[in-house]
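What follows is a set of notes on a single structure, which appears directly below.
Below, chains carry the letters A, B, ... as their sequence lines are ordered, and counting in each starts from 1.
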2 protein chains.
Amino acid sequence: MQKVTMADVAREAGVSKSTVSQFLNKRYEYMGEKTKRKIEEAIEALGYQPNFIARSLKQKRTSMVGIIVANITHYFSTEVTRAIEDFCHQHDLHAIVCNADDDPEKEKKYIEMLQAKQVDGLIIFPTGKNNELYKSMVKQGYPVVFVDRSVEELEVFSVITDNAQSTYRAIQHFINGGHKHIAFAVQPLTVSTRMERLEGYKKALRDAGLEINPDFITEASIPEMKGKLKKLFSLDVKPTALFAANDRVFMAVTEFLKEKGIQPGKDIELVVFDNIPFLHLLETPISFITQPAAEMGTKAAELLFQQINQEEKEPEVFVFPSRLT
Amino acid sequence: MQKVTMADVAREAGVSKSTVSQFLNKRYEYMGEKTKRKIEEAIEALGYQPNFIARSLKQKRTSMVGIIVANITHYFSTEVTRAIEDFCHQHDLHAIVCNADDDPEKEKKYIEMLQAKQVDGLIIFPTGKNNELYKSMVKQGYPVVFVDRSVEELEVFSVITDNAQSTYRAIQHFINGGHKHIAFAVQPLTVSTRMERLEGYKKALRDAGLEINPDFITEASIPEMKGKLKKLFSLDVKPTALFAANDRVFMAVTEFLKEKGIQPGKDIELVVFDNIPFLHLLETPISFITQPAAEMGTKAAELLFQQINQEEKEPEVFVFPSRLT
DNA sequence: GGTGTTTGATAAACCGGTTTAGTAGAATGT
DNA sequence: ACATTCTACTAAACCGGTTTATCAAACACC
């Protein structure tokens, strides 16, 4: 396979390994013109390609960063990830993406694995259940940025959206439109985003003087969602509007409605927290709370980049506003 | 940061580095129980985490593979990539994803970069314009799998779909439905997939005894697409059906139709080559040619894995059938 | 001409593991 | 009792770069 090493180049050019290394690192300060040329020719002749791994070992810098996504099946995650990758490629970094699958154990495994791989930093969509680990990373001064979900009691760079507020505005919008029976569908309330969205919903109802009806709050995992929705729609008072707390919930909801022949926009109003790709292009009667995923990803990457390059700053939480469309 | 090395563990445990290495690699054959315990304790006490980079240097195996995607903005690409990543994670590999952006120069840069990073193999959605490079990789015996697009004159593992055939069937379906004026929108015919899809279209028309009208074939880049479509819809004879050669073309088409107030399903029939996420859940009147993206990704990963593990086999092209839905 | 500085290049240590060859000492065979 | 094999462990080379300390030659200065 590839076996031309720097030693081969040095021999071919009649110089020492060190000189070749200087050349490759463009430290030309004290280097003769003919030496440069000889090395250039030798590299060309042998088709030499440097070995990054060897360099990384000495330099303790791999130019790789890790992204640990809580759940890659969210479209939002892939958008953020893509923005991070774009930023990385522009700054000569490479990203390794891992999917923790909402499992704290997996998350832990990946954090350790990526640190063993000596990645220069991590961007994490935290499951929120590995506080000890998060804390020790931060204490060590290891470059980390958290995205999407906030972790309490931790001084760390974070990039999130205003979950409660934008949900509040969306629900308010419905109320202003005359809706009195607004349902809320969400996965188990295990992470901050879901709880904040629910809070926004409740506050909007309260502020409008509407009663919070527990029957209208459907909390279920994706596989159970359809079953629970069936209960919701067999109530005497049926919801006229439904809030889906994220895209996967929306998917379950849509499947359910399709099976039941309930038409969005006609029989029920729908809002989803999250953008659904392409859907805005069609004449669908569905509203979206769209997070600025790309900007958030870019910001996260930038914050990580600064930490990697030792630009000392105080940890800060960046809140990006979402938009109702 | 992290500075506990194997030497530290060895000292702490009162044994040699080699023994610690043996222990970590679970080569217990000739190892005393107390030695094992001492090492275990030392690792625990010091919080030692091995350095993969150092291991990789010696072993010439990084447990990383590269994925070079021609254009990550295709939903198909992300689906395939995700399947590859899943497979990798299951087999203790990590994937690095690069987006060549349909640019052969970028593709070349990434191939070289990833080889410099010593990745164990590459899965490439080829731009098709780096044949020399592809050839040299294959000749060197470097593990490679091609996905989505086939490269001529090259004995290499490939995973593709039957572009011409499935397009043929879709067009035939329209013809059977009574359509006579079927338009075809495609990006510049620079890669095999687009050409094959166009061939399928033409053959279906020919076989049905319909004329191939060059005005009905819109070949344009995404930014130019809307302008060219305007021309198409200002013809005397207007198309009653439109084939979008991939999801990005579909997006441009849909934007255009929305602006013009032309309704899919009512004013015009639409087919897209590619699945559009979520869209099948709604009552949309759009047809899709869906490639089995996940299966294709898994297959590609599997083929790469076999090559990395030296399971010698003859290169083969795997054609996965697409489905009209 | 002696001293100091700049220029150009190198030998050797180093990064943190893996691997090979080797070595005591104990156990076994005859 | 002596040769042989097994067991448990280690020293040192190695992977392919980077970096540090060093050195010779050329040049500058007074």
Side-chain angles (χ1 to χ4, degrees), chain A residues 1-40 42-43 46-64 112-120, chain B residues 1-40 42-43 46-64 112-120:
Chain A
M1 201 123 50
Q2 182 220 302
K3 39 167 168 245
V4 184
T5 83
M6 225 171 63
D8 299 321
V9 174
R11 200 177 318 113
E12 174 83 8
V15 298
S16 77
K17 248 174 49 167
S18 338
T19 307
V20 178
S21 176
Q22 309 286 20
F23 174 84
L24 288 170
N25 289 290
K26 303 194 200 300
R27 304 168 98 72
Y28 299 134
E29 286 138 51
Y30 305 118
M31 194 175 299
E33 272 307 320
K34 358 106 201 99
T35 310
K36 268 194 235 180
R37 215 163 333 97
K38 274 191 298 182
I39 296 176
E40 242 161 28
I43 287 175
L46 300 177
Y48 169 72
Q49 279 189 295
N51 180 327
F52 259 75
I53 293 292
R55 148 186 295 217
S56 297
L57 180 58
K58 181 74 211 226
Q59 291 193 158
K60 292 154 172 289
R61 197 183 201 281
T62 53
S63 298
M64 296 191 306
E112 281 165 0
M113 153 81 86
L114 288 172
Q115 288 196 319
K117 280 234 160 92
Q118 311 296 115
V119 296
D120 297 336
Chain B
M1 200 120 52
Q2 184 222 300
K3 41 174 168 238
V4 183
T5 83
M6 224 169 69
D8 298 322
V9 174
R11 199 175 322 114
E12 174 85 8
V15 299
S16 75
K17 252 174 47 166
S18 337
T19 307
V20 178
S21 177
Q22 309 284 21
F23 175 83
L24 288 170
N25 290 288
K26 304 191 197 303
R27 303 169 98 73
Y28 300 133
E29 286 137 55
Y30 303 119
M31 193 175 300
E33 272 307 321
K34 359 98 195 108
T35 309
K36 266 195 238 182
R37 215 161 336 97
K38 274 191 297 178
I39 296 177
E40 242 161 26
I43 287 176
L46 300 176
Y48 168 73
Q49 280 191 292
N51 180 327
F52 259 75
I53 294 291
R55 150 187 292 215
S56 296
L57 180 58
K58 180 76 211 223
Q59 290 193 158
K60 291 153 172 292
R61 198 177 199 283
T62 54
S63 298
M64 296 191 305
E112 282 166 359
M113 152 81 86
L114 289 173
Q115 288 196 318
K117 280 233 160 95
Q118 312 297 115
V119 297
D120 296 338

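Counting to the nearest Å, the P atom of C/dC14 and the CG atom of B/L57 are 17 Å from each other. Distance, A/K58 NZ to D/dG16 C1': 12 Å, rounded to whole Å. Atom CD of A/Q49 and atom P of D/dG17 are 11 Å apart (whole Å). Computed from coordinates, the B/M31 CE to D/dT10 P distance equals 10 Å when rounded to whole Å. The CZ-P distance, from B/F52 to C/dG17, rounds to 11 Å in whole Å. Summarising the geometry, the separation between CG on B/L24 and P on C/dT19 is reported as 12 Å, rounded to the nearest angstrom. Taking atom CD on B/E33 and atom C1' on D/dT7, their separation rounds to 14 Å, with Å as the unit. Distance, B/L46 CG to C/dG16 P: 14 Å, rounded to whole Å.
The 5' end of DNA chain D is approached more closely, in terms of each residue's nearest nucleotide, by B/K34 than by the other of B/K34 and B/A54.
OP1 or OP2 of D/dT7 has at least one side-chain nitrogen or oxygen of B/Y30 nearer than 4.0 Å. A sub-4.0 Å separation between OP1 or OP2 of D/dT18 and a side-chain N or O of A/N25 is present. Contact annotation: B/K60 side-chain N/O to D/dG16 OP1/OP2 distance is under 4.0 Å.
The shortest distance between side-chain heavy atoms of B/Y48 and B/M6 falls below 4.5 Å. Within the 4.5 Å cutoff, no side-chain heavy atoms of B/V15 are placed close to those of B/F23.
The stretch residues 14-22 of chain B touches DNA chain C through B/K17, B/S18, B/S21, each having a heavy atom within less than 4.0 Å of the strand.
Shown here are the side-chain hydrogen bond (donor to acceptor under 3.5 Å, both in side chains) partners of B/S63, two or more places apart in sequence or in another chain: there are none.
Using a 4.0 Å heavy-atom cutoff across all strands shown, A/T35 reaches sugar-phosphate atoms only and no base atom. Residue A/M6 is in base contact, counting any heavy-atom pair closer than 4.0 Å across all strands shown.
In this structure, the separation between CD on B/Q115 and CG on A/N51 is 12.0 Å, given to the nearest 0.5 Å. Interatomic distance, B/R61 CZ to B/R55 CZ, rounded to the nearest 0.5 Å: 10.0 Å.
A/S18 and A/S21 share no side-chain donor-acceptor pair at under 3.5 Å.
Ion pairing between B/K36 and B/E33 holds under the 4.0 Å rule for side-chain N and carboxylate O.
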